[in-house]
Amino acid sequence: MAERKRIKVLLAKVGLDGHDRGVLVVSLALRDAGMEVIYTGRHATPAMVAETASQEDVDIVGISALVDSHRTVLPKVIKALKDRGRGDIPVILGGFIQPEDIPELKQQGVAEVFGLDSKLGDIVAGIKQLVEK
């Protein structure tokens, strides 16, 4: 029986959002679930995220947003991935997200949104489901 490839996840804080406690907790939960996690750290640019995603050949990109910048940041990340020929990588968003923003974000290409009330197990399951598609 062939061994399944580990899911490789890139997590990032884009822009001036320096609140990283939540993304660090998610990172540990994903690692505990057997995923390989790359965390860019705080203050990444959309270009840095796309470049790292391309270089590391990740399966999914997760952006953590807690300062209400997601409406401007996420389209830039998605565009940067497409510009590098990696528009196939699903992008998810987690953090403080207004429910009324979710339909627009999904229309712009965000695969899934996990709010502050999301359970770690649901995030793990959601990533597995997106990657298996």
Side-chain angles (χ1 to χ4, degrees):
M1 190 160 142
E3 187 178 323
R4 267 186 91 166
K5 179 185 146 220
R6 287 176 63 189
I7 295 173
K8 190 183 274 192
V9 182
L10 174 67
L11 297 178
K13 299 289 295 181
V14 179
L16 298 177
D17 185 356
H19 305 282
D20 64 354
R21 185 172 294 167
V23 73
L24 294 174
V25 170
V26 170
S27 173
L28 292 173
L30 299 179
R31 286 183 183 156
D32 288 348
M35 298 181 198
E36 181 178 347
V37 179
I38 301 163
Y39 176 46
T40 64
R42 296 177 291 181
H43 312 301
T45 66
M48 287 167 55
V49 171
E51 186 63 27
T52 303
S54 296
Q55 288 177 352
E56 295 289 340
D57 194 28
V58 300
D59 298 302
I60 195 161
V61 171
I63 304 297
S64 171
L66 291 171
V67 295
D68 206 30
S69 63
H70 52 273
R71 288 175 295 172
T72 56
V73 167
L74 267 291
K76 291 177 182 177
V77 170
I78 292 168
K79 181 182 182 321
L81 284 166
K82 287 179 181 175
D83 289 349
R84 284 166 179 75
R86 293 310 316 262
D88 60 313
I89 301 174
V91 176
I92 59 173
L93 172 64
F96 180 72
I97 315 302
Q98 297 295 334
E100 59 269 17
D101 292 346
I102 294 173
E104 180 183 342
L105 290 163
K106 287 193 173 186
Q107 185 179 17
Q108 293 172 343
V110 175
E112 191 56 74
V113 177
F114 296 97
L116 294 176
D117 60 344
S118 296
K119 292 178 177 36
L120 293 172
D122 293 340
I123 297 170
V124 169
I127 288 172
K128 286 179 179 178
Q129 185 177 35
L130 285 168
V131 170
E132 288 174 3
K133 280 187 181 179

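As a basis for the values below, the full set of heavy atoms in this structure was taken, side chains included, without hydrogen atoms, waters or symmetry mates.
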* Please check if atom CD in Gln107 has more than 12 non-hydrogen atoms from other residues, nucleotides or ligands closer than 6.0 Å. => no
* Which atom pair, heavy atoms only, marks the closest approach of Lys13 to Ser64? -> NZ-OG, 3.1 Å
* **Salt-bridge contact Lys106-Glu112 (side-chain N to carboxylate O under 4.0 Å)** => yes
* What heavy-atom pair brings Ala80 and Pro46 nearest, and what distance separates the two atoms? -> CB-O, 3.7 Å
* For Ser27 and Val23, indicate whether the former's side chain and the latter's backbone hold a donor-acceptor pair under 3.5 Å. => no
* Which atom names give the shortest non-hydrogen contact between Ala111 and Ile92, and what distance separates them? -> CB-CG2, 4.4 Å
* Would you say the side chain of Leu120 lies within less than 4.5 Å of the side chain of Val124, judging by non-hydrogen atoms? -> no
* Asked: Is the number of heavy atoms from other residues, nucleotides or ligands within 6.0 Å of CD (Gln129) greater than 12?
  -> no
* Measure the spacing between CE of Met35 and NZ of Lys8 and express it to the nearest 0.5 Å. => 14.0 Å
* **Ile89 to Ala53 - nearest heavy-atom pair and separation** => CD1-CB, 4.1 Å
* Hey, what do you get for CD1 (Ile7) to CG (Leu30), rounding to the nearest 0.5 Å? -> 9.0 Å
* **Spacing of CD1 belonging to Ile63 relative to NZ belonging to Lys76, to within rounding of 0.5 Å** => 13.0 Å
* Calculate, to the nearest 0.5 Å, the distance between atoms CG and CG belonging to Leu93 and Leu105 respectively. => 6.0 Å
* With sequence neighbours excluded, give me every side-chain hydrogen bond (donor to acceptor under 3.5 Å, both in side chains) pair touching residues 80-89. => Glu51-Arg84, Asp57-Arg86, Lys79-Asp83, Arg86-Asp88
* Going hydrophobic residue to hydrophobic residue with side-chain gaps under 4.5 angstrom, can you get from Leu28 over to Ile127? -> no
* Structure fact -> For Pro75 and Gln108, the nearest pair of non-hydrogen atoms, with its separation, is CG-OE1, 3.2 Å
* Hey, what do you get for NE2 (His43) to CE (Met48), rounding to the nearest 0.5 Å? -> 10.5 Å
* Asked: Below 4.5 Å, heavy atoms only, C-beta onward: do Val131 and Pro90 meet side chain to side chain?
  -> no
* To do: Quick one: pull up CG in Asp59 and CG in Leu10 and give me the separation to the nearest 0.5 Å.
  => 11.0 Å
* Would you mind listing every side-chain hydrogen bond (donor to acceptor under 3.5 Å, both in side chains) that reaches into residues 117-127, with sequence neighbours excluded? => none
